[in-house]
Amino acid sequence: MKDNRPAILHYRFDVSTFRLLGRELITDRITALFELVKNCYDANAQTVNISFENINPLGNESRIVIEDNGIGMSYKDIKDKWMVIGTSNKRRNDTSPAPYYRKVVGKKGVGRFAVDKLGAKLVLRSKQIGSQFWECLETDWSVYADEENKQLAQDEDIKLFTEIDNRYWRENGDAAIQGTRLEISNINDVWTEQDIKRAYLELAKLVRPSVELKYPFTIWLDAPQYQDFKNKKVVSLALAKATLSYYIRPIEDQQTGTLRQQSLRYEKGQLSIVDEPLYSFGPISLSLNYYDKAGKDRFYKLYPEDKIDGVKIYRDGLIATPFAEYKGDSNEKKDLFGIDKRQWSDFFTRLSTRDIIGYVDITKKFNPDIIDSTNRQDFVDNIQWRDLQAFVIDQIKQIEQYLKYLKLSRRESNINKIQTATEDLDDVKSRVDAIKENARLSSPEISKELDDLALRLNKIKGKVVDGSVEYKQMEEEHRLQANIMYSLISLQRYASQMSHIIKTSVGMIKRSAEFVAKWMRLGQKQERCIKHAQIIYDDMNNLTKAIDFMLSYTNDDTEFEPFDIKSCTELLFNELYSGILADENIKYEVLIEESLELNYSRKAFEDMIGCLMDNSIKALRNKEDKRIKCTISATSENLTILFSDNGIGIPEENKPKVFDEFFTTTSDFGGAGLGLFMVRTRLEAISGSIEIVENEFLPLGATFKICIPIN
Amino acid sequence: MRNIDANVLFLDDVEGAITAIADDIDGCVTQSVFFDNPTQGIEFLKENKSDNNIVLLDWRFSQNNVCGDKILVDIHNISINIPVIIFTGQAIDVEATKKMFNGHAFACLPKTCSTEEVTKKIEEAYDTIISDISTYVAQWINIQSPERRREPYVTSAGESLSLNDLLESIHNGDEIGKEVKDGINKLAIELFMNK
């Protein structure tokens with residue numbers, strides 16, 4: 001029997017395609033509006049009008065109309081582009097037609113189905129310049145839905161997505177006019193004033209604010225039912241009211257012609273823009289705008305309905321993410337860069353997303369590895385994206401340090417001003433005394449007036465001096481309150497970490513003991529029983545160490561005492577550790593400025609140096625020429641300790657982990673991964689810090705830098 | 001612990017926390033593997049998707065402040081049939097509990113628990129795997145020849161699906177995967193009813 005089946009088969013589209021590409025792909029009404037407005041941008045429109053007519057309550061007259069003055073579509077465009085799913089023309093040409101050359105943003109060729117999310121019926125009218133006709137097309141999604149329902153009811157006569165009729169006709173028009181008008185009716189949902197406000201705020205972020213586009217793209221929103229949204233221009237946030245504004249960008253190296261990345265660097269009271277090699281994510285521009293309280297007041301007076309809400313990313317001028325995101329509760333807004341999740345930043349100078357408006361400008365061409373995730377609300381998690389996150393956080397930290405400096409300088413300046421005012425008053429008084437001496441002879445009335453003036457000057461001086469004393473007292477009280485806050489925060493974190501350490505250790509001991517008890521009795525796994533007995537012993541020691549640390553921590557506040565750094569450190573090197581240093585044949589060098597006195601717990605200081613010493617001894621165990629160097633210096637603000645050895649060094653991948661609890665590479669030598677964790681915890685409790693810096697010894701080794709605030 | 005045909009993965013940044021458990025179950029499981037880097041653990045699961053896998057997952061990784069919720073999602077995206085037992089030294093608050101349940105965690109155990117409690121949960125997790133018909137369908141597909149797995153096998157809504165497509169659907173737990181599972185369950189019930 002002859003096989004009549006064809007040798008080639010074609011894909012066909014089920015009628016439900018309209019739903020899959022429309023309401024099910026586009027999750028949100030605002031995203032649907034975004035998709036349609038993006039098409040206007042790609043069509044070189046300069047103006048888009050969005051009208052919401054009779055949208056609350058809904059009725060036969062309810063309409064959403066999106067109208068632009070872009071290049072419009074010919075019959076052929078409608079037939080071969082609009083009516084073809086996944087049209088590839090925007091992928092072929094990634095810029096819009098001359099002279100605009102905008103980077104096109106809609107590439108999937110399905111944005112038009114977003115209409116279905118807004119309403120069931122669409123009448124499209126489009127016209128190109130020079131044409132005498134509007135090309136008109138009516139699509140009624142309800143016909144598609146009816147067909148789908150019929151098919152679900154197992155109707156035999158199946159129509160495909162591509163077989164539903166859409167009415168096409170022409171209307172007379174003015175040859176000088178161009179543009180496209182989408183009239184959406186049978187609206188799906190009521191648009192309340194709150195919904196319109198939400199649409200307005202999100203559309204305002206579509207185009208990168210405060211950038212002058214050569215060919216502007218202006219959106220007008222008209223919802224005549226609502227007083228505040230009658231033919232209202234959608235305006236991007238202006239940033240003129242920010243307290244501090246910084247803008248960094250890529251620049252070309254004059255000598256090599258290569259691109260370098262500008263970045264913010266804080267150093268000694270200056271926040272400067274420096275340039276450095278490009279990062280893995282490629283060249284970017286970054287605008288960071290900080291608002292203090294007065295700045296926020298100014299901002300909210302100008303834009304009462306908007307929010308200072310962190311850093312956003314724009315690609316080629318149009319928002320990349322967060323994409324049409326709206327959350328009523330600002331706590332639920334996306335914090336792309338983790339600005340609010342930072343744990344270790346200085347509590348009082350830490351900036352949050354409510355203090356900053358920022359824009360990261362990336363381009364398709366130069367930042368190809370920053371890739372949108374499918375849901376358009378995040379980026380693909382790769383090294384480049386992580387580096388970009390780290391870079392933005394670092395830039396915010398630089399501003400934080402600068403703000404901290406400004407705060408301290410203002411405080412000092414205020415104290416100086418009071419001091420100067422007192423001196424000025426003394427000067428005025430002595431001049432008055434001199435005049436009084438001369439006037440005594442010539443005019444007793446003037447002399448009496450001057451006596452009175454001198455008396456009042458004395459009283460004013462007294463008040464200024466009282467004020468000065470009071471100011472200093474307030475400063476001191478504020479400092480104490482800040483310290484208490486620090487202690488509370490650090491205590492909370494500390495309690496959480498200690499409970500984690502103890503729980504983990506107890507669990508380890510318990511399970512090892514359980515192992516020994518079970519397998520010893522069975523007479524099996526004997527070698528492992530011995531191993532677990534050793535684990536129990538080691539973990540008990542670690543637990544004891546953690547508990548001792550906890551106890552010493554509780555005493556820190558009461559045991560603060562001034563002590564001499566030099567003699568304390570030399571005692572450690574020359575006496576307490578001298579035996580082991582000699583046994584291990586380690587040469588050491590201690591460089592300390594004379595007469596450095598620190599008001600801190602001597603025991604805590606000894607523990608810190610001891611911990612670094614223990615780590616260095618372990619790191620040096622397989623070296624021949626063994627060296628340790630400890631340099632201590634001080635400024636008026638900080639005591640800085642640089643502790644170095646020429647041991648095996650710390651692999652790059654371990655650097656972020658070395659201060660974490662239980663992280664150790666020396667468990668074979670009794671390392672429990674608690675020492676550096678304890679040092680960090682102690683330092684954080686007094687607003688100090690510890691970090692790994694560039695090795696002093698080359699080619700291998702490690703250098704730790706400890707900063708302890710003097711006051 | 002009874003013998004089970006499954007890999008047990010330990011994803012934790014402190015190896016000591018699981019040493020006793022790993023030593024205890026050694027010989028009773030296909031293999032136990034430790035990863036202090038969750039990304040490597042995820043890669044292992046991707047490569048060994050056709051095996052039975054059970055994961056014991058630390059809830060907080062110190063490095064980069066990685067939290068277990070993200071890893072839970074990654075595991076669920078590989079296959080819905082991998083039970084994940086959360087192992088945590090943190091205080092579990094409402095927020096964390098929500099994240100665990102939303103991430104389809106199989107169970108949650110504190111870090112202070114005994115090996116016996118852990119092995120009991122591992123056995124329960126294994127029972128869940130082997131009582132799920134989709135496990136057997138996946139196993140059956142995996143033993144078919146590569147050619148057979150690529151050929152069209154069934155038609156659904158006018159679309160031809162190969163065995164590989166079905167396997168993917170079973171792992172993803174999508175509509176087709178559920179349909180396959182439900183269909184086989186119904187068939188089994190009917191066969192039992194008709195004797």
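By convention in this document, chain letters (A, B, ...) are assigned in the order of the sequence lines, proteins followed by strands, and residues within each chain are numbered from 1.
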Within a radius of less than 6.0 Å around [atom1] of [X], do more than 12 heavy atoms belonging to other residues, nucleotides or ligands occur?
X	atom1	value
A/Leu522	CG	yes
B/Lys49	NZ	yes
A/Tyr537	OH	no

About how many Å separate [atom2] of [Y] and [atom1] of [X], when rounded to the nearest 0.5 Å?
X	Y	atom1	atom2	result
A/Arg511	B/Ile21	CZ	CD1	4.5 Å
A/Lys503	B/Cys113	NZ	SG	11.0 Å
A/Lys510	B/Thr115	NZ	OG1	9.0 Å
A/Ile509	B/Thr112	CD1	OG1	12.0 Å

Where do [X] and [Y] come nearest, in terms of heavy atoms and distance?
X	Y	value
B/Asp26	A/Lys525	O-NZ, 3.4 Å
A/Lys518	B/Met1	NZ-N, 4.4 Å
A/Ser512	B/Ala20	N-CB, 3.9 Å

Step by step, would you call B/Asp23 with A/Trp519 a side-chain hydrogen bond (donor to acceptor under 3.5 Å, both in side chains)? CA-CA 10 Å; B/Asp23 282 344; A/Trp519 295 100; over 6 Å; no
Pick one of side chain, backbone, both or neither for B/Glu116, based on which atoms fall under 4.5 Å of a heavy atom in chain A.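 Contact with chain A involves both backbone and side-chain atoms of B/Glu116.
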Could you check which of B/Val118, B/Ile18, B/Thr19 has the highest count of heavy-atom pairs closer than 4.5 Å to chain A?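 Option with the greatest count: B/Thr19.
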